[in-house]
Protein chains: 2
Amino acid sequence: MGPIEQQRTDTDEGPGATKPRIVDAALETLRSHGFAGASARQIARAGAFNQALIFYHFGSVRNLLLAALDTVSARRMAAYGPVFERAQTISELAFLAREIYAEDLQNGYVTVLGEMVAGGVSDPELGREVASRLQPWMEMVERKLGVLVSGSLLEPLIPARDVAFAIVALYLGIDLLSQLDGDHARAESLLDLGVRYAPLAGTLLVARQAPGR
Amino acid sequence: MGPIEQQRTDTDEGPGATKPRIVDAALETLRSHGFAGASARQIARAGAFNQALIFYHFGSVRNLLLAALDTVSARRMAAYGPVFERAQTISELAFLAREIYAEDLQNGYVTVLGEMVAGGVSDPELGREVASRLQPWMEMVERKLGVLVSGSLLEPLIPARDVAFAIVALYLGIDLLSQLDGDHARAESLLDLGVRYAPLAGTLLVARQAPGR
DNA sequence: GTCTATACTTGGATAGAC
DNA sequence: GTCTATCCAAGTATAGAC
C-alpha cells in the first residue's frame, strides 16, 4: 500500500502504456476485420495511434499479431485456468464451457484465435508459432480428460489426446461458423445441449473399477 | 457418338477453357496461400495466365473466390452426395466421413472452405455469401440425422439441427487445426475413433419405438 | 518514444492495343 | 478473349526530426 504501485517506469504495462494499447488495437482489428484485414494501418486507425509505432515496438505486424495472441492466451488462462482445474465432473465442465463461450464471444477471443489459425496458411512460419501457442490449451484439456476418465471403466476406450483435439477443433469451428452469419443462437443451443446431457455422460463415468490393482 | 462432343463454343467449360482454369488456380492459391494470400496477382501466377483475365471473366477477386467455392461445392456434392444419401447406418456414415476427409485432404476442399469462412470476417458481404453456400451442406447432414434417429427412442433427445451444426463445425475445425502444423495424424486418429465407436451409437438407435402410434 | 515524411512493394481494377 | 501498360490505393518498413 502506498504510492509504490505507481512507481512504474512506463516502459512496462500500465493503463496508458503504449505497447498494451497497440496490442489491444490489434486484437480489436483481428476480431472485426479478420487476419486479412489486420494491416498496420488498419490497426493504427483502430487504436488512434501512429502506424510507425507498431514497427518501433514490435518490429513487424506479424510479431504484433503474435503478441496479441499471447495476450489473449494469458488473459484466458488467468480467467478460466483456475476454475477449469477445479472442475471435477463432466457436468461442471459442460457448464463451464458454456459460460466461457459466452465470455469469449463478448471479447472475441476465439475469433482472434480462429483468424490466426486461418492466417497460418498464408504464412507458414506464423502457422508454426500459432500452433505452439495452441498446444498448452490442448494439453490442459487432455490432462483434465485423463483425470476424469481415470479409474472409470471407459478409461481404456477413450484416448484423451484425440478427444481433446476434437474438443478444441469443435470450439474453434463453432465460433468461426457463428461469426460467419452473426448467428450465435445455434452455438448457444448446442452448448445448452451439452449441459443437458453432460450428467448422462457423467453417469457412465461413475462406473469405476475397483481401486488398487 | 462422333465429333459432336467437340462442338463446344470455348465459352463453356472444357479442358482448356479459361474460366475453369482461373477457378482452379484460385482454388490452388486459397489452399496454399490462404484467403489473405489469394490476391489476383498471386492467383494469376499460380495459373500462369494474365492477371487482367480475372477481372474480365469474374469482375473482381471476390467474385472469383466465390465461384471457386461454388465449384468446390458442386464437385463435392457430385462425388459424395449420392453415397451419403444412400448410407443408412451410423457405421456407414462414420466410415464415409473418414473416407471423405482423406479425399478432402488431398484436394484441399475443406481448407478452401475454412479460409473462405475466416475471410468472411474480413468482408461481411463475402461472409454472407459463404454462409448461404454452406447451408445446403448443413441441411443435408440434418436431414440424414433426422432419418437415422427417426423412430428411435432417442429421437426426442437429439435435436438434428444442433448436431448437424456441431458436425460441420467439428469437420471444419479439424481441418484448420491439422492444416496449422501439417499434422493430419491426429485428425485421422480421431476419425478412426469415430469409425470404431459408431457401431455402439448405432446400437443405441436400434432401440425403436413401436411403429405406428 | 512519438511523429512526419518517404521509399518501395503489392494489390485491385481499367483502358486500349492486338 | 487476351495482353500490355498504367492508375491509384494500400501495404510494410525505415529515416530522421522532434
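This is a predicted model, so every value here is computed, not measured.
Residue-to-nucleotide proximity on DNA chain D shows that, of B:Q51 and A:R45, the 5′-proximal contact is made by B:Q51.
For A:Y171, the ring pair (Phe, Tyr, Trp, His ring centres under 6.0 Å) partners two or more places apart in sequence, or in a different chain, are A:Y101. For A:V121, the side chain to side chain contact (heavy atoms under 4.5 Å, CB included) partners are B:E115, B:Q179, not counting sequence neighbours. Qualifying side chain to side chain contact (heavy atoms under 4.5 Å, CB included) partners for A:Y56, counting only residues two or more places apart in sequence or in other chains: none. For B:R41, there are no salt bridge (Lys or Arg N to Asp or Glu O under 4.0 Å) partners two or more places apart in sequence or in a different chain. Partners of A:E92 by side chain to side chain contact (heavy atoms under 4.5 Å, CB included), not counting sequence neighbours, listed by chain and number: A:A87, A:Q88, A:T89.
Proximity of residues 23-43 of chain B to DNA chain C (heavy atom under 4.0 angstrom from any strand atom) is restricted to B:S39, B:A40, B:R41. Less than 4.0 Å separates DNA chain C from at least one heavy atom of each of the following residues of residues 56-65 of chain B: B:S60, B:V61.
For B:L53 and D:dT2, the CG to P distance is 5 Å, given to the nearest whole Å. Computed from coordinates, the B:D123 CG to C:dG11 C1' distance equals 15 Å when rounded to whole Å. Between B:R21 atom CZ and D:dG1 atom P there is a gap of 14 Å when expressed in whole angstrom units.
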Exercise answer: donor-acceptor pairs, residues 134-143 of chain B side-chain atoms, under 3.5 Å, sequence neighbours excluded:
unit_1, atom_1, unit_2, atom_2, d
B:Q135, NE2, B:E139, OE2, 3.2
B:W137, NE1, B:S73, OG, 2.9

Sequence neighbours excluded and cut-off under 3.5 Å, please list the side-chain donor-acceptor pairs for residues 158-169 of chain A, or say none.
unit_1, atom_1, unit_2, atom_2, d
A:D162, OD1, B:S189, OG, 2.9
A:D162, OD2, B:S189, OG, 2.6

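Ranking D:dT4, C:dA13, D:dT14 by closeness to the A:F55 side chain, first place goes to D:dT14.
Using a 4.0 Å cut-off between a side-chain N of Lys or Arg and a carboxylate O of Asp or Glu, A:D192 and A:R98 qualify as a salt bridge.
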